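Position 1 is the first residue of the sequence, and the numbers go up from there. Every value quoted in this text rests on a predicted model; they were computed, and no experiment measured them.
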Amino acid sequence: MERRVAERLRSTLGPLGLEAHAFKVGWYNAVLQPAFHLPYPDDTLAFVILSTPSMFDKALKPFVNKERLKIIRDPVDQCVSHHLSRVKEKFPDQRVDVMFDYEMLPSRRPKFLAQTAAHVAGAAYYYQRKDVKLDPWGKKKIFGVCIHPKYGGWFAIRGLLLFPDIQVPFLEQPAPVDCVSTEEKRIELLEQFNFHWQDGRYRDIIEVKERYSEEQKAYFATPPAERFRLLGLSQEAQ
């Protein structure tokens with residue numbers, strides 16, 4: 001069952017520059033405090049959805065052109081929401097729950113921890129402070145970051161698709177690719193991400209197969225309120 005669902009997702013989302021990686025809810029819940037657990041049985045089938053560099057041209061720009069006369073507040077979020085909502089139509093006989101990376105619970109906690117989901121699904125390796133043996137940061141707060149084996153840091157985690165009626169007790173967990181394997185490189189990655197994230201150097205910590213285009217880099221480097229003109233939208237679109 002998981003294979004059929006995965007193939008349908010990949011055929012639907014792949015042409016849009018989106019990746020779907022399967023996991024069991026239990027894998028995710030096992031590594032988190034109860035407050036962060038997803039409220040589903042452990043064997044429930046879920047997929048974490050990533051956007052790759054090609055999503056900008058394959059999904060975002062066509063979406064904006066099509067929706068040009070409608071209200072657009074955040075082009076990327078609305079584009080992803082549109083396409084993941086349409087995925088539900090591909091499974092008319094299944095319940096499909098969608099969670100987006102920007103959604104919050106009433107407690108102001110995120111609905112899910114995106115980087116943890118990507119790691120347990122084997123989609124990208126979540127490098128954290130605990131992955132460095134000789135910690136050089138003392139009392140500084142150090143945030144972790146996911147690195148994709150193909151795209152490095154040139155990708156984003158956009159959401160989850162959960163299939164509450166599909167239980168997959170025998171699904172085997174794939175290990176994420178440990179592509180930043182030396183202590184020196186891990187320290188460099190976490191230093192760059194925490195203290196120099198604006199210059200984006202952490203994204204190229206490994207040799208990548210594909211990165212954001214110059215147009216896409218300019219878009220994400222621009223303050224959100226000014227991004228509309230880069231996509232040819234007037235301020236009225238807001």
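- Among residue pairs with one or both ends in residues 24-44, those qualifying as salt bridge (charged side-chain N to carboxylate O under 4.0 Å, His left out) are Lys24-Asp43; sequence neighbours excluded.
- Salt-bridge check for Arg4 with Glu7: failed, with every basic side-chain N at 4.0 Å or more from each acidic carboxylate O.
- Within 6.0 Å of atom CH2 in Trp197, 12 or fewer heavy atoms from other residues, nucleotides or ligands are found, so the atom counts as exposed in its surroundings.
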*Can Ile166 and Glu2 be said to form a side-chain contact (heavy atoms from CB on, under 4.5 Å), step by step?*
CA-CA 8 Å; Ile166 302 179; Glu2 176 272 331; 6.0 Å; no

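- Cluster annotation: Leu105 and Ile157 are assigned to distinct hydrophobic clusters (Ile/Leu/Val/Met/Phe/Trp/Tyr, side-chain heavy-atom contacts under 4.5 Å, transitive).
- Side-chain contact check for Leu16 versus Met55: every heavy-atom pair is 4.5 Å or farther apart.
- For the pair Lys140 and Phe195, the cation-pi criterion (under 6.0 Å, within 45° of the ring axis) is fulfilled.
- Looking at heavy atoms from C-beta onward, Tyr127 lies in side-chain contact with Cys179 at the 4.5 angstrom threshold.
- Note on Val25 and Trp27: same hydrophobic cluster, where clusters join Ile, Leu, Val, Met, Phe, Trp and Tyr whose side-chain heavy atoms are under 4.5 Å apart, directly or indirectly.
- Residues Phe112 and Ala117 approach most closely at CD1-CB, 4.3 Å, considering heavy atoms.
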*Passes side-chain contact (heavy atoms from CB on, under 4.5 Å), Tyr28 versus Leu113? Steps please.*
CA-CA 9 Å; Tyr28 174 92; Leu113 299 183; 3.7 Å; yes

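- Contact annotation: the side chain of Val80 never approaches that of Ser51 to less than 4.5 Å [non-hydrogen atoms, C-beta and beyond].
- Glu183 and Arg186 are not joined by a salt bridge, as no carboxylate oxygen comes within less than 4.0 angstrom of a charged side-chain nitrogen.
- Between Val76 and Tyr219, some side-chain heavy-atom pair lies under the 4.5 Å cut-off.
- Annotation: His21 is not in aromatic contact with Phe47 [ring centroid separation under 6.0 Å not met].
- Side chains of Asp74 and Tyr102: no donor on one and acceptor on the other come within 3.5 Å.
- Linking ILVMFWY residues whenever their side-chain heavy atoms come closer than 4.5 Å, directly or via other members, leaves Tyr126 and Phe143 in distinct clusters.
- Of all the heavy atoms in Leu84 and Phe100, the pair that sits closest is CD1-CE2, 3.8 Å.
- Cluster membership check: Val168 shares its hydrophobic cluster with Phe163, using side-chain heavy-atom separations under 4.5 Å among Ile, Leu, Val, Met, Phe, Trp and Tyr.
- Applying the 6.0 Å contact sphere to CD of Glu172 captures no more than 12 heavy atoms from other residues, nucleotides or ligands.
- Pairs engaging residues 196-213 under the salt bridge (charged side-chain N to carboxylate O under 4.0 Å, His left out) rule: Asp199-Arg201, Asp204-Arg211 [sequence neighbours left out].
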*Any chance you could lay out the side-chain contact (heavy atoms from CB on, under 4.5 Å) test for His119 and Gln128, step after step, and finish with the verdict?*
CA-CA 11 Å; His119 186 93; Gln128 301 176 74; over 6 Å; no

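- Considering Arg10, His148, Arg158 in turn, His148 is the only one that fulfils the side-chain hydrogen bond (donor to acceptor under 3.5 Å, both in side chains) rule with Glu19.
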*I would like to know whether Leu38 and Leu160 meet side-chain contact (heavy atoms from CB on, under 4.5 Å); could you show each step before the answer?*
CA-CA 11 Å; Leu38 294 171; Leu160 297 185; 4.1 Å; yes

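- Cluster membership check: Phe36 shares its hydrophobic cluster with Phe23, using side-chain heavy-atom separations under 4.5 Å among Ile, Leu, Val, Met, Phe, Trp and Tyr.
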